[in-house]
2 protein chains.
Amino acid sequence: MRGMDEVRPGREPSPPALPAEHVESLVRVLDVVRDTTATTRPDIARRTGLGRNVVSDRVRQLSAVGLLTEGDLARSTGGRSPRQVRFRAEAGVVLVADVGATSIEVALSDLAGNLSHTHDEIADVTVGPTEVLSRVAALFDELIAALPDGTRVWGVGLGLPGPVEFETGRPVAPPIMPGWDGYGVREFMAARFGVPVWIDNDVNLMALGELRGGLAAGHRDVVLVKVGTGIGAGLVSHGLLHRGAQGCAGDIGHTAVRGSTALCRCGQHGCLEALAGGAALARDGLAMAIAGTSPALARAHAEGHEISAETVIRAAHHGDVSSRALVIDSARLLGEALARVVNFFNPSLVVIGGGVAAAGDLYLAELRQSVIGRSLPLATRTLDIILSPLADRAGLRGAAFMVVDELLSPARLSAPSHG
Amino acid sequence: MRGMDEVRPGREPSPPALPAEHVESLVRVLDVVRDTTATTRPDIARRTGLGRNVVSDRVRQLSAVGLLTEGDLARSTGGRSPRQVRFRAEAGVVLVADVGATSIEVALSDLAGNLSHTHDEIADVTVGPTEVLSRVAALFDELIAALPDGTRVWGVGLGLPGPVEFETGRPVAPPIMPGWDGYGVREFMAARFGVPVWIDNDVNLMALGELRGGLAAGHRDVVLVKVGTGIGAGLVSHGLLHRGAQGCAGDIGHTAVRGSTALCRCGQHGCLEALAGGAALARDGLAMAIAGTSPALARAHAEGHEISAETVIRAAHHGDVSSRALVIDSARLLGEALARVVNFFNPSLVVIGGGVAAAGDLYLAELRQSVIGRSLPLATRTLDIILSPLADRAGLRGAAFMVVDELLSPARLSAPSHG
DNA sequence: TCAGGTTAGGCACGCATCATGCATAAGTCA
DNA sequence: TGACTTATGCATGATGCGTGCCTAACCTGA
């Protein structure tokens with residue numbers, strides 16, 4: 001991996017060099033424009049508390065480096081119409097990837113988390129970091145090849161299915177990623193692409209995606225639950241990701257469920273994940289297919305189809321009674337665990353994401369009932385529990401926001417460093 | 001309550017008027033001096049990144065209003081010795097109270113959380129807000145009467161045994177405080193004493209006490225567990241109190257314990273609190289005394305002593321086998337719940353406070369074992385679990401820090417408002 | 001004890017930033 | 001169309017803060 005070209009020919013340094021002065025006000029202006037709390041100069045002045053003159057100047061500077069641009073005139077409020085100011089999300093792209101236990105998702109993202117060229121494929125994370133990351137890098141190469149000339153690549157954002165030490169970008173003792181412990185993921189990608197790289201847990205990135213540009217925008221205390229093969233949660237406190245001391249906060253998949261002894265992939269018995277995760281759904285569905293308890297699943301199995309969580313969910317939607325019971329049972333079990341989480345963390349919003357969220361209202365209704373029935377009334381008084389539509393790709397969007405937010409953070413702009 | 005003197009004669013407005021300019025640098029200087037990360041002018045400059053000139057000027061201003069003072073010369077590091085700068089904790093006092101389910105604690109605190117004139121008494125919070133708060137106010141009056149002339153009262157800090165909406169200072173649907181829901185506690189105290197008032201949950205205040213001036217200083221992710229009559233937790237994320245959306249975050253006392261149907265004071269069955277709290281210890285101890293299972297408790301009971309959690313703990317320490325088993329069982333149960341909390345929140349420190357913490361190493365050892373045996377290895381890798389000595393009065397200290405921190409916060413200093 | 005080096009800390013100056021006032025542009029409303 | 005309101009640029013002035021210089025006060029080594 002050594003000896004690669006540090007700076008690619010024809011690629012501009014990224015992000016565009018901002019003036020090192022006025023960092024604070026520059027960021028404040030940029031922030032309110034980015035999340036569209038302000039769209040005109042007077043708006044920005046009001047929101048940031050900066051003088052109208054300063055705002056004008058900062059907008060000028062940011063426009064000069066291509067981060068902002070003027071749009072049409074906005075509606076007048078009685079006098080001269082203000083010109084609209086817009087974040088130039090097209091000023092650069094971010095390479096984002098979400099490595100799951102059994103899959104790789106990559107995409108190109110603009111600076112506002114809008115994805116394009118999304119690509120999914122099956123992959124096994126257990127084959128180790130060099131192989132998986134090489135594949136991700138190859139996919140990134142394809143994305144880069146398709147870029148129009150002169151497009152700036154601002155950075156790489158990566159999600160991994162395990163705990164990550166955010167500062168160093170290294171996995172820490174990930175249970176389902178043998179060989180990845182302490183691996184220098186950032187160094188690998190930085191050497192390959194010569195741009196800044198950030199890595200985080202995939203569930204944290206989903207939470208960030210929902211927080212910065214999704215359903216959780218504006219909330220300060222959020223729990224995002226991803227129900228995929230496994231079950232995990234991303235926590236937001238004070239509007240910031242709560243990663244915990246080791247970066248492994250959010251584990252709810254391996255809490256014991258009463259009266260169960262099912263073996264979990266983590267090695268313990270009775271884990272929630274072993275009962276209510278996607279893998280559990282598939283396992284129980286297969287059992288029902290073989291036992292003949294479910295006509296629909298039995299037929300699918302007989303026809304040679306694999307029985308996956310998706311199969312079970314589809315059968316449930318088509319009225320298969322046993323599948324329906326399985327899905328509802330899964331929702332109820334998750335709800336019991338979530339009730340504890342709600343009591344403890346007291347979020348204003350719980351977002352359910354991941355593959356099982358495709359089960360839709362059937363799942364959500366049971367989940368809601370289960371949570372509300374077991375939580376303190378106060379904690380659920382204004383609590384919202386919603387599904388994150390799958391098409392959202394919150395994880396990839398979160399990866400993009402991670403990169404852009406870090407690059408445009410005051411700390412980095414005032415003292416440019418790694419990357 | 002209306003018509004009371006708004007500003008008492010002979011009492012100065014509080015806190016001393018700081019200049020409205022330079023608020024940010026003033027606060028930064030004050031902060032590093034307050035938590036003693038910097039004790040000399042050059043130190044302050046290094047820590048805050050401010051110029052030595054600015055630091056000198058701010059120190060001058062803060063000294064002029066009595067918040068800082070110069071001390072002796074510090075050790076030289078090769079050149080002229082710097083003069084030490086110290087926070088004048090004696091520049092004012094804060095009236096603090098911790099209202100528990102069955103008790104009132106009040107004290108005088110200096111601006112650094114050092115308590116004096118501590119006073120405890122039995123009280124029943126269920127008699128309602130006016131009665132309880134009047135009693136607190138009467139105790140405060142006694143404290144004020146004992147103050148030297150000219151002492152400035154900066155504010156009132158109050159802890160309550162239930163969820164509190166921090167911004168308004170009103171209890172929200174507190175389960176064990178009938179009649180308090182939505183009561184204007186702040187208004188009551190402000191009208192009575194004419195100073196700013198802040199109120200928070202008592203467990204949050206314990207966490208704040210440990211965070212700002214106790215065992216948790218410097219940690220960013222902390223869980224404080226109070227095991228008193230009931231069981232509750234205070235959470236610290238990013239070095240800030242996580243209060244949750246309704247201010248009721250930290251509930252762990254009412255999570256279901258498998259295989260139990262004990263009736264809890266919250267009305268549900270099988271709560272942790274009903275099994276492992278102080279009340280449960282007392283209840284089970286009494287049962288053992290009556291049944292004769294424990295000689296020590298039976299004797300105490302026969303002699304007419306009340307069997308409290310403290311009695312059981314003392315018996316355990318004196319070698320009473322049954323009491324010992326009871327205490328250990330309590331620790332084990334709490335440990336099981338805490339293991340889930342540790343997995344979910346991933347703190348770097350867990351502090352155990354409250355009356356049951358008096359059980360000491362006997363309790364702590366079993367608790368540690370129980371937590372570590374059931375948590376993810378990663379989450380416990382650098383986890384510390386410690387006891388908060390009772391004499392600490394972390395709650396009262398936290399109440400003092402709450403008031404002083406709010407009064408010396410940038411927001412308040414730049415735009416003085418309520419109080 | 002003294003010289004040379006190092007750190008503290010005050011004072012004056014100058015630069016840079018930001019707010020204010022004024023002029024102008026461009027809209028609304030009667 | 002005129003009076004009013006709002007937006008925006010430019011010049012001006014105040015203010016905050018860093019820098020350079022000086023003195024004070026300590027150290028080390030001869």
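In the text below, chain A, chain B and the rest are named by the order of the sequence lines, each starting its count at 1.
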> Within the side chain of D110(A), is there an N or O that forms a donor-acceptor pair under 3.5 Å with the backbone of A112(A)?
Replying inline: yes
> Just checking R75(B): base, sugar-phosphate only, or nothing, at a heavy-atom cut-off of under 4.0 Å?
Replying inline: nothing
> For every nucleotide of nucleotides 6-14 of chain D, 5' to 3': is a protein heavy atom under 4.0 Å from its base (B), only from its sugar-phosphate (S), or from neither (-)?
Replying inline: BBBBBB---
>> Around atom CD of E90(A), are there more than 12 heavy atoms from other residues, nucleotides or ligands closer than 6.0 Å?
In response: yes
> Where the side chain of H238(B) meets the backbone of S237(A), is there a donor-acceptor pair that is under 3.5 Å apart?
Replying inline: no
>> Going by the rule salt bridge (charged side-chain N to carboxylate O under 4.0 Å, His left out), which residues pair with R58(A) if we only count those two or more places apart in sequence or in a different chain?
In response: none
> T168(A) and E165(A): side-chain donor and acceptor closer than 3.5 Å?
Replying inline: yes
>> With a 3.5 Å distance limit and no angle check, can you tell me whether R88(B) reaches the backbone of L68(B) through a side-chain donor-acceptor pair?
In response: no
> Under 3.5 Å, side chain of E210(B) to main-chain N/O of L215(B), donor-acceptor pair present?
Replying inline: yes
> Does R243(A) pair with D221(B) as a salt bridge, N-O distance under 4.0 Å?
Replying inline: no
> Mapping S25(A) and L73(A) to their closest nucleotides on DNA chain C, which lands nearer the 5' end?
Replying inline: S25(A)
>> Using the salt bridge (charged side-chain N to carboxylate O under 4.0 Å, His left out) criterion, which residues pair with D31(B)? Sequence neighbours excluded.
In response: none
>> I need the residues from residues 28-37 of chain B with at least one non-hydrogen atom less than 4.0 Å from DNA chain C; give them sorted by number, or say none.
In response: none
>> Under 4.0 Å from a heavy atom of chain B: give me the 5'-most and 3'-most nucleotides of DNA chain C that qualify.
In response: dG5(C) to dA12(C)
> Below 4.0 angstrom from OP1 or OP2 of dT15(D), is there any side-chain N or O of H22(B)?
Replying inline: no
Under 3.5 Å, side-chain donor or acceptor atoms of residues 49-56 of chain A against the rest of the protein: list the pairs with distances, not counting sequence neighbours.
none

